[in-house]
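Below is one structure, written out as structure tokens; comments come after it.
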Amino acid sequence: QVQLVESGGGVVQAGGSLRLSCAASGRAFSSLAMGWFRQAPGKERNFVGTINYPGAKTYYADSVKGRFTISRDNAKNTVYLQMNSLKPEDTAAYYCAATGNFLVVPRTRPEQYDYWGQGTQVTVSS
């Protein structure tokens with residue numbers, strides 16, 4: 001089992017930045033690839049980005065590429081999502097998720113992830 005706890009959400013103006021954190025416990029962090037997803041009210045949960053272990057490979061949705069960055073601190077069992085140049089359309093609940101590690105092909109679908117955090121709300125005002 002893996003427990004994931006997100007933090008760092010909030011309200012920010014368009015053009016601003018936020019950093020989300022996700023602390024993992026339970027299963028060895030070194031065996032996990034970590035992903036971020038987001039879900040706006042009434043919409044499907046969408047892929048944002050993913051990072052493998054130890055962090056050499058990252059992959060992003062086109063909608064966030066160049067603005068968002070995923071990183072991980074393996075000593076702290078924590079993964080981060082740095083969000084810059086935020087837009088109102090980035091408003092959503094953001095979820096951290098964990099799955100088995102990947103070396104080449106990233107996992108981008110929610111059903112490919114085994115463990116989920118409770119989510120943290122990000123609201124971008126115009």
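All residue numbers refer to positions in the sequence shown, counting from 1.
Summarising the geometry of Pro54 relative to Asn74, their closest heavy-atom pair is O-ND2, 3.1 Å, with the distance given to 0.1 Å. Looking at every heavy atom in both residues, Ala28 comes nearest to Ser31 through O-OG, 2.7 Å.
Applying the salt bridge (charged side-chain N to carboxylate O under 4.0 Å, His left out) rule to Glu44 yields no partners; only residues at least two apart in sequence or on another chain are considered. Annotation: salt bridge (charged side-chain N to carboxylate O under 4.0 Å, His left out) contacts of Arg38 (sequence neighbours excluded): Asp90. Tyr94 meets the ring pair (Phe, Tyr, Trp, His ring centres under 6.0 Å) test with no other residue; sequence neighbours excluded. Partners of Thr123 under the side chain to side chain contact (heavy atoms under 4.5 Å, CB included) rule, at least two apart in sequence or in another chain, are Val11, Thr91, Gln121. For Gln118, the side chain to side chain contact (heavy atoms under 4.5 Å, CB included) criterion is met by Val5, Glu6, not counting sequence neighbours. In this structure, the side chain to side chain contact (heavy atoms under 4.5 Å, CB included) partners of Ser126, at least two apart in sequence or on a different chain, are Pro88. By the salt bridge (charged side-chain N to carboxylate O under 4.0 Å, His left out) test, Lys87 is found to be paired with no residue, residues two or more places apart in sequence or in another chain being considered. In this structure, Gln13 has no side chain to side chain donor-acceptor pair (under 3.5 Å) partners at least two apart in sequence or on a different chain.
Atom NZ of Lys65 sits in a crowded spot, with more than 12 heavy atoms from other residues, nucleotides or ligands closer than 6.0 Å. A 6.0 Å sphere centred on OH of Tyr115 holds more than 12 heavy atoms belonging to other residues, nucleotides or ligands.
Distance check: Ser85 OG to Arg67 CZ gives 7.0 Å after rounding to the nearest 0.5 Å.
Counting heavy atoms from C-beta outward, Phe47 and Trp36 have side chains that stay 4.5 Å or more apart. A heavy-atom distance below 4.5 Å is not found between the side chains of Asp73 and Phe29. Val79 is listed as a side-chain neighbour of Ile51, based on a closest heavy-atom distance under 4.5 Å. Taking 4.5 Å as the limit, some side-chain heavy atom of Met83 sits within range of a side-chain heavy atom of Val122. A heavy-atom distance below 4.5 Å is not found between the side chains of Tyr113 and Leu32. Two residues are said to be in side-chain contact when any heavy atoms from C-beta on lie closer than 4.5 Å; Tyr53 and Met34 fail this criterion. Side-chain atoms of Phe102 and Thr50, non-hydrogen and from C-beta on, do get closer than 4.5 Å to each other.
For residues 95-107, the set of pairs meeting the side chain to side chain donor-acceptor pair (under 3.5 Å) definition, not counting sequence neighbours, is empty. Residue pairs meeting the disulfide (SG to SG under 2.5 Å) criterion with at least one member in residues 97-126, sequence neighbours excluded, do not occur. Identified under the disulfide (SG to SG under 2.5 Å) test for residues 32-126, with sequence neighbours left out: Cys22-Cys96.
One hydrophobic cluster, built from ILVMFWY side chains closer than 4.5 Å, holds both Ile70 and Phe68.
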Let me check something: any side-chain donor-acceptor pairs from residues 14-21 under 3.5 Å, sequence neighbours excluded? List them with distances.
unit_1 : atom_1 : unit_2 : atom_2 : d
Ser17  : OG     : Asn84  : OD1    : 2.9

- Step-by-step side chain to side chain donor-acceptor pair (under 3.5 Å) determination, Thr108 to Tyr60: CA-CA 9 Å; Thr108 62; Tyr60 300 94; over 6 Å; no
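For Phe37 and Trp116, the ring centers are positioned less than 6.0 Å apart.
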